[in-house]
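In what follows, a single structure is set out as structure tokens and then discussed.
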Amino acid sequence: MPAMTEAELADAIAQRQFGAVTLDTSVFDRFGCNLQTPALRALGPVGAQHDVHLVFSEVTVHEVQAHRRRAAEEHALKLKAALNQYRRAWRRTEPLSQLAAAIDLDADASQLAAGEWDTFTAEIGAHVLSADGHASFSELVRRYFSAEAPFAQKEGKKNEFPDAIALLTLESWAESTNVLLLTVSGDADWKAYAETSPRLVWTSDLDGALDLFNQAGHRVAERAVELLAAGDAPELSHEIELEIQAWLDDADFEVEASSDFYYDVQPESAVLQTWEIVLPPKVLAVQGEDVTFSLELDCLIEFRAEFDLSVRDSFDRDYVRLNTQAAEKQARHRLTLAITINRSFDAGLEVIAVEANRRRLRVDFGNVELQWSYEE
């Protein structure tokens with residue numbers, strides 16, 4: 001179906017036209033495939049309260065699990081390398097397995113990812129749709145050679161086969177179940193396909209879609225943000241600052257820089273300076289007396305990194321260290337928080353939880369010049 005405007009989507013949800021909701025991999029990637037993210041967990045209440053099926057194509061399942069597996073394997077390799085460096089630096093004789101006794105560095109990442117997914121779908125009440133019996137091979141071939149969505153006349157269209165299988169599976173299931181299916185995706189090919197489908201409706205905004213399902217919590221979220229903006233919600237303001245700084249302390253930001261010298265760089269710290277609200281709240285879930293909403297903030301952050309500068313000696317083809325120096329940079333970044341509060345304001349605004357959605361941070365330190373330090 002043609003893409004709906006926000007008003008049309010709101011009307012369709014209010015009239016309970018949608019019988020199912022699905023997400024594609026791009027939505028999970030937005031949250032770093034963290035299945036504990038409040039926006040993803042909020043799908044459970046939507047399904048239960050609005051009699052909406054939550055379904056995922058098995059292609060999406062395999063892609064999300066592959067991303068989780070790859071991340072786990074990369075982190076395990078980095079941890080092994082760090083522990084080996086520690087052993088050498090301190091001349092430790094224990095084997096690596098003994099140093100990491102509390103961590104199973106050789107655990108099967110595929111099993112971990114599959115178990116994590118099974119827990120997630122069980123808790124939100126979702127179902128996985130197999131391509132068998134839904135995705136027609138002949139239809140895949142026809143669309144590929146006709147360059148019909150999600151295929152297109154472009155280089156690398158063979159890469160769209162997973163999307164095509166997922167979309168044909170979802171449409172076939174929606175047709176057999178006689179429901180209108182809301183597909184949430186940041187992929188333009190999913191949008192193009194949905195616009196030709198009688199059963200699929202596309203939107204790119206998960207928070208916005210959840211907000212439309214949770215109209216009952218709007219006034220609560222708006223009132224909380226009004227108090228916050230006016231400086232009358234000190235507990236919430238404090239919890240926001242604590243959560244942002246805790247997230248920054250854990251975030252391993254990426255450094256971009258230029259220099260006339262060779263350099264190695266180590267991110268040192270990121271400290272919140274100021275923050276301000278940039279968008280109205282979007283309600284993610286209403287469960288009993290609790291209302292969860294997302295709030296986007298513009299944050300001014302001071303970053304510090306340490307650069308180890310060196311030059312290459314053309315004679316012996318080795319690198320000569322010149323200096324190790326710190327650099328600081330202030331930059332603005334958008335951050336989305338998921339905030340859960342009690343809907344009653346009788347005893348003031350009661351904060352239940354504040355959680356930052358993980359986003360990768362990339363900071364440009366500009367040109368790094370050599371700074372000599374002199375001692376008198």
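For the single chain, residues carry numbers from 1 onward in sequence order.
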Answer whether the closest heavy-atom distance between the side chains of Val255 and Phe307 falls below 4.5 Å. yes

message: Has Ser172 got a side-chain atom pairing as donor or acceptor with Leu168's backbone, closer than 3.5 angstrom?
response: no

Open item on the list: Under a 3.5 Å distance rule, please check whether Gln325 uses its side chain to pair with a backbone N or O of Glu369 as donor and acceptor.
Closed with: yes

Name the atoms and distances for all side-chain donor-acceptor pairs under 3.5 Å in residues 280-292, with sequence neighbours left out.
from, atom 1, to, atom 2, distance (Å)
Lys282, NZ, Asp205, OD2, 2.6
Thr292, OG1, Thr340, OG1, 2.8

Q) Are Phe365 and Val265 connected, step by step, through hydrophobic side chains (Ile, Leu, Val, Met, Phe, Trp, Tyr) whose heavy atoms are closer than 4.5 Å? A) yes

message: Determine whether the aromatic ring centres of residues His333 and Phe253 are separated by less than 6.0 angstrom.
response: no

Residue pairs passing the salt bridge (charged side-chain N to carboxylate O under 4.0 Å, His left out) test with at least one member in residues 221-243, sequence neighbours excluded, are Arg219-Glu222, Arg219-Glu226, Arg223-Glu226, Glu243-Arg358

*Is a side-chain N or O of Thr22 found less than 3.5 angstrom from the main chain of Val55, in a donor-acceptor match?*
yes

Practice problem: Side-chain contact test, heavy atoms from C-beta onward, threshold under 4.5 Å: evaluate it for Phe345 versus Leu227 and give yes or no. | Solution: yes

I'd like to know if the side chain of Thr5 reaches the main chain of Glu8, judged simply by a donor and an acceptor atom lying under 3.5 Å from each other, with no hydrogens or angles considered.
yes

Query raised in the report: Quick check: does any side chain N or O of Thr336 sit under 3.5 Å from a backbone N or O of Asn357, one acting as donor and the other as acceptor?
Result: no

Do Arg343 side-chain atoms and Gly217 backbone N/O form a donor-acceptor pair below 3.5 Å? no

query = Quick one: does Trp275's side chain get under 4.5 Å of Leu335's, heavy atoms only?
reply = no

(request) Return yes if some donor-acceptor pair links the side-chain N/O of Thr37 with the main-chain N/O of Ala39 below 3.5 Å, else return no. (result) no

Margin query: Does Val271 form a side chain to side chain contact (heavy atoms under 4.5 Å, CB included) with Gln245? I'd like the steps, not just the answer.
Written below: CA-CA 7 Å; Val271 180; Gln245 190 55 57; 4.0 Å; yes

Are Val201 and Tyr193 connected in the hydrophobic side-chain network, where two residues link if heavy atoms are under 4.5 Å apart?
-> no

- Item | Main-chain N/O of Trp173 paired with Ser176 side-chain donor or acceptor, under 3.5 Å | yes

* Asked: Just by distance, do the side chain of Glu58 and the backbone of Ala131 share a donor-acceptor pair under 3.5 Å?
  -> yes

Same cluster or not: Val179 versus Trp202, using hydrophobic residues (I, L, V, M, F, W, Y) connected whenever any side-chain heavy atoms lie under 4.5 Å apart?
yes

Do Leu212 and Phe18 have side-chain heavy atoms sitting under 4.5 Å apart?
no

TODO: Decide whether Asp187 and Ser185 meet the rule of one side-chain donor and one side-chain acceptor closer than 3.5 Å.
DONE: no

